[in-house]
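Here the structure comes first, spelled out in structure tokens, and everything after it is commentary.
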Number of protein chains: 2
Amino acid sequence: MDQFRMPPSRSARETVYAQLRDRILSLDLPPGTALSEKEASLSFGVSRTPVRESFVRLAQEGLVQVLPQRGTFVSLIDSELVEEARFMREQLERAVIRLACESFPAERLVALEDNLRAQRESMARQDDKRMFELDEAFHRTIFEGCRKLNTWAVLQSMNVHLNRSRLLRLVTDHAWSHLYAQHERMAQAIRDRDAETADRVMKEHLTLSITDLSMLKMKYPHYFQ
Amino acid sequence: MDQFRMPPSRSARETVYAQLRDRILSLDLPPGTALSEKEASLSFGVSRTPVRESFVRLAQEGLVQVLPQRGTFVSLIDSELVEEARFMREQLERAVIRLACESFPAERLVALEDNLRAQRESMARQDDKRMFELDEAFHRTIFEGCRKLNTWAVLQSMNVHLNRSRLLRLVTDHAWSHLYAQHERMAQAIRDRDAETADRVMKEHLTLSITDLSMLKMKYPHYFQ
DNA sequence: ACTACCATACTTGTATGGTAGTATGGAACA
DNA sequence: TGTTCCATACTACCATACAAGTATGGTAGT
């Protein structure tokens, strides 16, 4: 009889955590910003306890740095970490698409094709936000077809350090048609079981989509370590 | 004038976290065990707060599962997660050793050789514990030489799910001489800049060192999901 | 003018009591 | 015998109070 969905009503900790995370990733809370348990608890209207527990989680993900008895600060961007995140993503995505060329469920292949169709429509509408979602879903579907969803989850936590902002995203925003073409070629390679092509396209795809950090470092030096 | 080292005196949270983690990984707290904030706080002699915060960290690492208002339990071993952890480790270690064959600092190569010498000595002494440490240090040194220490750190957190115990370890214990021989060949391949050999040996090395889970699943079915 | 000191207002760390949801065992009932 | 209900004893969640370390600005002494 529970056809009525429970009210979302996540725990206070979850709410605080999710919102802080969003604000950090969107640079609404820029690197270096001082946080404060008390201040946060007041603005969220909860006690310090759930705020503290959120800080513990964020600290473990490397998004904030807690200095005992001094304060809690949004982490500066660590270029080495960003580069390694890119490295890991490249290696794992290439390995998985090679797997996909060995065996891939037909039904997931259909999902890729549906996704490509949706990408064309979103491009026509210049709906960038939707394109981001579809881009992510496209890659996710490949992992799904290879039964590597845990790997995908790990990659997502890496991405936290890659797109610590829409800054990095904005640079790629204007290359949608290029990225779409690569997606097309990937899907085709999986159909053709052509691992070599798939691997090559994926490598290009991922090296292109990551911008040179040095530019950002010049523009926002105080955001970096 | 601070030539005297500070007493370690980690925070209560850190202490509780580290010990719980150890006990879970060593199967001293087997999968499925019910934990309790209150019980843990009593046994550690601290209040529930640092215990709760430890639980938050452990939950994020997937070592415990918190069911609101029901209890906190040591996570069951997820075979899919274990297999994917193995997969990720293989891909990343192979990618890094290929990098090492392109360029590797002479000084780190010396470290590898010193490590190999120490491995020979430990094998002679049948010092398994030391061999584990040296094995780990060997792989770590390769990552270090490629400036991929963050990647190594990520791998370490994967390993949590791989060796959720010395059970898996024990199986490999008797193959030290084989593993040592592979280490030798890896170091040689790095010296020779022979990426193909290095990649092949590393692949064998990692597929061999991981035991078939199904055996463990048979023996301890209630530890698995 | 400069330095050492110290009160004060922060910060995070820890302890504890109360709240609400959940499992369980026994009693009442069919 | 089998089922339903409910008191009770748990659980994690949250709020609050206190403890302890740190930065800062003012003040007294040199």
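So you know, we letter chains A, B, ... as the sequences are listed, proteins then strands, and number each from 1.
Applying a 4.0 Å cut-off to non-hydrogen atoms, the residues of residues 41-52 of chain B that approach DNA chain C are B:Val46, B:Ser47, B:Arg48, B:Thr49, B:Pro50, listed by residue number.
The neighbour count for B:Glu61 CD, taken as heavy atoms of other residues, nucleotides or ligands under 6.0 Å away, is above 12. Annotation: B:Gln126, atom CD; neighbour count of heavy atoms from other residues, nucleotides and ligands within 6.0 Å does not exceed 12. Heavy-atom neighbours of A:Arg147 CZ from other residues, nucleotides or ligands within 6.0 Å: at or below the threshold of 12.
We find that CG of B:Leu67 is positioned 9 Å from P of D:dA12, with the value rounded to whole Å. Atom CG of A:Leu58 is separated from atom P of C:dT12 by 13 Å (rounded to the nearest Å). A:Glu14 has its CD atom 13 Å from the C1' atom of D:dC13, to the nearest Å. Summarising the geometry, the separation between CD on A:Glu53 and C1' on C:dT14 is reported as 13 Å, rounded to the nearest angstrom. Between the C1' atom of D:dA12 and the CD atom of B:Gln65 lies a distance of 14 Å, rounded to the nearest Å. In this structure, the CZ atom of B:Phe55 is 10 Å from the P atom of D:dC13, given to the nearest Å. Computed from coordinates, the A:Glu37 CD to D:dA20 C1' distance equals 14 Å when rounded to whole Å. Rounding to whole angstrom units, CZ of residue A:Arg13 and P of D:dA12 are separated by 11 Å.
Pairing of D:dT27, defined by two Watson-Crick or G-U wobble distances under 3.5 Å, is identified with C:dA4. D:dA9 is paired with C:dT22 under the criterion used here, namely a Watson-Crick or G-U wobble arrangement in which both key atom distances are under 3.5 Å.
Atom-to-atom distance recorded for B:Asp128:CG and B:Glu133:CD is 11.5 Å, nearest 0.5 angstrom. One finds the CZ atom of B:Phe138 at 5.5 Å from the NE2 atom of B:His183 (value rounded to the nearest 0.5 Å).
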Using the 3.5 Å cut-off, write out each protein N or O paired with an N or O of nucleotides 7-10 of chain C and the distance between them.
none

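Partners of A:Ala59 under the side-chain contact (heavy atoms from CB on, under 4.5 Å) rule, at least two apart in sequence or in another chain, are A:Val64, A:Val66.
Using modelled atom types and a 3.5 Å distance limit, the side chains of B:Trp176 and B:Asp135 yield no donor-acceptor pair. Judged by distance alone, the side chains of B:Asn159 and B:Gln156 do bring a donor and an acceptor atom under 3.5 Å apart.
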### Task
Before giving the answer on side chain to side chain contact (heavy atoms under 4.5 Å, CB included), spell out for A:His139 and A:His205 the whole-Å C-alpha distance, their side-chain angles and the decisive distance to 0.1 Å.
CA-CA 11 Å; A:His139 288 260; A:His205 188 65; 3.2 Å; yes
